[in-house]
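All values derive from a computational prediction rather than experimental measurement. Order of the sequence lines sets the chain letters (A, B, ...), proteins ahead of strands, with each chain counted from 1.
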Amino acid sequence: MRKWTRREFIQVAGGAAGGAALVAGGCFQGSAPRRVLGLDPGTDGDRIVRSFCEICFWKCGIEVHVKGGRATKIAPIEKHPLSNGMLCPRGLGGTGLLYDPDRLKRPLVREGGRGGQRFREASWEEALDRAAEGMERVGKEHGPEAMGLFHHGTGEGFFKRLLGAYGSPNAAAPSYAQCRGPRDEAWVLTYGHPVGSPEPVDMARADCIVLIGCHLGENMHNTAVQEFADAVARGATVITVDPRFSIAAGKSRHWLPIRPGTDLALLLAWIHVIIEEDLYDREFVEKDAAGLDKLREAVKDRTPVWAYPITGIRPDRIAAAAREMAQSRPRSLVHPGRHVTWYGDDTQRLRAIAILNALLGNYGRRGGLFVPSKPEIASPAWPEIGEHGPSVSAGYPLAGEGVTTAIVDATLTGKPYPIKGWFVYGTNLPLSFPNAKRLAGAIQKLELLVAVDTMPMEITGWADVVLPECTYLERFDDLYACAWKEPFVALRQPAVEPLGDSRPGWWIARKLARRLGLGRYLPIDDIQAYLRQRAELSGLDFEELAREGFQKVKGPPAFVEDGLLPVFDTPSGKVELWSGTLEAAGLDPVPVYTPHPQPAPGMLRLLFGRVPVHTFGRTTNSPVLSEIVGENQVWVHVSVARRLGLERGHMVRIVGEDGKRSTPVKLRATEAIRADCCYLPHGFGHSDPRLRRAHGRGASDSDLITRFEVDPLMGGTGMNVNFVSIEPAEA
Amino acid sequence: MRYAMVIDTVRCVGCNACVVACKTENATPEGYTRDWLRIVVRGEFPELRRDIFSERCNHCANPPSVHNCPTGASQIIEGGLVVVDRSKCTGCKACIASCPYNARYVHPDGHVDKCTFCAHRVRRGLLPACVDACPARAMSFGDIHDDGSEVARLVRSRKIHVNNPASGCEPQVYYLM
């Protein structure tokens, strides 16, 4: 039986005559379908605008239906390489963010001290003047390097350009040091390049997929979930290492409910088994990798029996998993994950993951880690930005990007030099950073805080000037070049006019540049003309981009099977199983397991993650998405609940070690988690009352994460190191 | 001809894309959805099993909601689709009381509302919005009376489950286990 594609239903049901065929073809007795009042909700647009999503960083292609000037619904672009005609719940619910009544609609300027929330609405002229004057003052008194930029999202490029022209090297994204940084540095050390985004992991053709705390299905990265579901349906072996019975764990042949904090011991035992039992890809390792003997020596005692009391996973199960992943090689992969700042030695854990992948010989292979290329987009000839002095991140010599942690530290301590002004674009720092009190202390030391956001997120409550950006459905952004199996360039374009007095990021950056006398560095007055120019300089067809929302670009092969010749930009020119770079920095050249403190009896390690309908705390106020999941629940094992005399559904507070209490949150007493930890989906328990739907609903993990361990390699903040207890919430 | 939905519980990750797709396609009022998820975890740590069901009106072949509707608002249209005509519905809730699947609610405008299998899309040769959007490709839709259809093939190929088979309603949402 041939396999039907979903879209073929259209032909089958609709026939050659299109929409009317169901009727004319006589599929149903009677000549016309019965008229039923209210059957058609009328949400089809009178026009469709193709663009790409910004609800998460995956950036899928979308079709926005617009009817009478109002966006009615969002659908996937059928042929888009990331959407493939499908979309996640967050992307489908994007109109909720657009029409959220709580949006920032006018610029705000602070009246009174920072921390108190007294603002008044201002004109753009006044707000931009105030922001630019503040930046000038910081530059004049402390030097331009005293301005820091925190950024997130597609619009960030304009603000990075602005800060660079202004003269500061201190731009950083929380998505690095609070999220994916360790895996990218581990990959640089091992393979000579970062993992990149979207993760180039060919799950579609893998026969074995290993997930280390990566909860696909709750993490709704569209293409990744599509490929994961395909793999599960094909019967691929899935091995999930997670203290919680995650959605992915429920789809796995092997669920290994590991003791939190011990993943590196498990990984070393797997490396041990694969080397000692001679299961690794000898051809690849001999030709393309360096340091096998030193690796073998380093893990010679790291047996499954050694790992058993550490991880709580039986030796036979450790060995069986290692053998299964090796049997499937090279169509076998260990997913690098995304949010990996857990314990402070995260780059070393990710190094072990990189090494394991190398032993499986999956580099550039189908069903392994492919090597996509990013389309080159040419830029107009703008003036070059001069050299900057060292950034405050220079204390982390192996960090390949700006380190937010270093900017916060420099703000607090004045070392290596003081940071006195923050510009925050599209990132809600109080929910991204550990230790909210410390962050607030840093903010109180600032002479200027400017925030650009679409919503009254907590960070805007701390700002001196709040500049309301319009949403991704109301603006142009810069072109997006995506490295994927088929590389492509995508265009973000507005579906509807901006609401209120909100403006696009490029416009805000441009206006500030002019006020700062830096207009020549960001000479965009007509964004469409600029985008057209970039597209044409790059050999792209702007009309096609505007019509289709994206354009595929021919790139070099991403797979060895298609002609890729791997090149490793490491000191040895090979995959570094043993790292001379790390040894020279006085760090472990091969990952070494270090025990992490475990919770005292009665205490639980606080773990956090996501629910599939939300992106961080950015969407929990959405009228559409908050309706589906409006609050989080704290997962504890039933035995823990029993000990506390609590039941599923009871309202509880989570109590941190320093006595910090969460807002009341529903207890989810379940078998689906270990008894030494609790799990709280992130992004809830907002504290800003201007977020009327999300305010006080559920609990915030960020409030409870007071302790953190800094990764000495790259400044990442390990946040899974907090121990909490649970108490009933007062009636 | 009989339209049916087949949902692969092995593929389904329980992400709610079906729920949001329906909500925005059908512009359901705040606080109401026509479809929803039921997730069942069984066993004791660490021997666990999770089953995920994306649920909605079963468009039963023998629908008590239609039989018990006093005004004829609840009715069966082409392909066996069970729908409510707003102009005839008085909101008396007889159908709600007789539906064994809890698939209906009273719309704030006074009439009863429920999943239509996106009849307005199907009439134009499109798939229901939930089926179309599903990122796990877990959902299929078509004529189960046509042996060559994807839904008929899937139902033959795997162990299937329907909700509350004892209801006698002949539900038309099939779950592949």
Practice item. Over all heavy atoms of both residues, which pair between B:Ile7 and B:Ser54 is shortest? Give the atoms and the distance, please. Key: CD1-O, 3.3 Å
Give, as side chain, backbone, both or neither, the part of [X] having an atom under 4.5 angstrom from any heavy atom of chain A.
| X | value |
| --- | --- |
| B:Val10 | both |
| B:Arg50 | both |
| B:Ser87 | both |
| B:Leu37 | neither |

**Study point:** Residue-level interface, residues 55-62 of chain B with chain A, non-hydrogen cut-off under 4.5 Å
**Key:** none
**Study point:** Close contacts, residues 88-110 of chain B versus chain A, judged by heavy atoms under 4.5 Å
**Key:** none
Check your understanding: What pairs meet the salt bridge (Lys or Arg N to Asp or Glu O under 4.0 Å) rule with one or both residues in residues 157-168 of chain B, with sequence neighbours excluded?
Key -> B:Asp8-B:Arg158
Give the member of [options] that has the highest number of heavy-atom pairs under 4.5 Å with chain B.
| options | value |
| --- | --- |
| A:Leu87, A:Leu37, A:Ile74 | A:Leu37 |
| A:Glu627, A:Lys73, A:His65 | A:Glu627 |
| A:Val624, A:Leu216, A:Thr43 | A:Thr43 |
| A:Thr72, A:Asp230, A:Val232 | A:Asp230 |
| A:Glu671, A:Met220, A:Gln226, A:Glu218 | A:Glu671 |
| A:Ala249, A:Ser246, A:Gly250 | A:Ser246 |

**Study point:** Atom pair CZ (B:Arg123) and CG (A:Leu39), whose distance is rounded to the nearest 0.5 Å
**Key:** 5.5 Å
Point to revise | Distance-only donor-acceptor check, side chains A:Thr615 and A:Arg90, under 3.5 Å | key: yes
Check your understanding: For residues B:Glu25 and B:His120, is any side-chain donor paired with an opposing acceptor at under 3.5 Å?
Key -> yes
Practice item. Kindly write out the residues that satisfy salt bridge (charged side-chain N to carboxylate O under 4.0 Å, His left out) with A:Arg648, not counting sequence neighbours, or none if the list is empty. Key: none
Review point. Between the side chain of B:Lys23 and the main-chain N/O of A:Ile628, is any donor-acceptor distance below 3.5 Å?
Key: no
Exercise for review: May I ask you to decide if A:Trp255's main-chain N or O and A:Ser252's side chain share a donor-acceptor pair within less than 3.5 Å?
Suggested key: no
Tell me, for [X] versus chain B, whether the close heavy atoms (under 4.5 Å) come from the side chain, the backbone, both or neither.
| X | answer |
| --- | --- |
| A:Ser626 | neither |
| A:Ile247 | both |
| A:Ile673 | backbone |

Under a 4.0 Å threshold between the charged nitrogen and the carboxylate oxygen, would [Y] count as salt-bridged to [X]?
| X | Y | result |
| --- | --- | --- |
| B:Asp85 | A:Arg35 | no |
| B:Glu170 | B:Arg2 | no |
| B:Arg121 | B:Asp132 | yes |
| B:Glu150 | B:Arg137 | no |

Exercise for review: List the steps, then state whether side-chain contact (heavy atoms from CB on, under 4.5 Å) holds for A:Leu211 with A:Asp242.
Suggested key: CA-CA 8 Å; A:Leu211 303 174; A:Asp242 201 313; over 6 Å; no
Review point. Within 45 degrees of the axis of the six-membered ring of A:Tyr679 and under 6.0 Å from its centre: does A:Arg668 put its NZ or CZ there?
Key: no
Revision key, fill the gap. Exactly one of B:Val151, B:Leu154, B:Val155 clears side-chain contact (heavy atoms from CB on, under 4.5 Å) with B:Tyr174, and that residue is B:Val155
Check your understanding: Given the options B:Thr33, B:Asn16, B:Val13, B:Val19, which has more heavy-atom pairs under 4.5 Å with chain A than any of the others?
Key -> B:Val13
Revision key, fill the gap. Assert top hit (heavy-atom pairs under 4.5 Å, partner chain A, pool B:Ala138, B:Ala129, B:Gly14, B:Cys12) equals B:Cys12
Exercise for review: Classify the ring geometry between B:Phe141 and B:Tyr3 as parallel (under 30°), tilted (30 to 60°) or perpendicular (over 60°).
Suggested key: parallel
Practice item. Using the side-chain contact (heavy atoms from CB on, under 4.5 Å) rule, take B:Asp51 and B:Arg42 through it: C-alpha gap first, then chi angles, then the decisive distance, then the call. Key: CA-CA 8 Å; B:Asp51 289 304; B:Arg42 280 172 299 186; 2.4 Å; yes
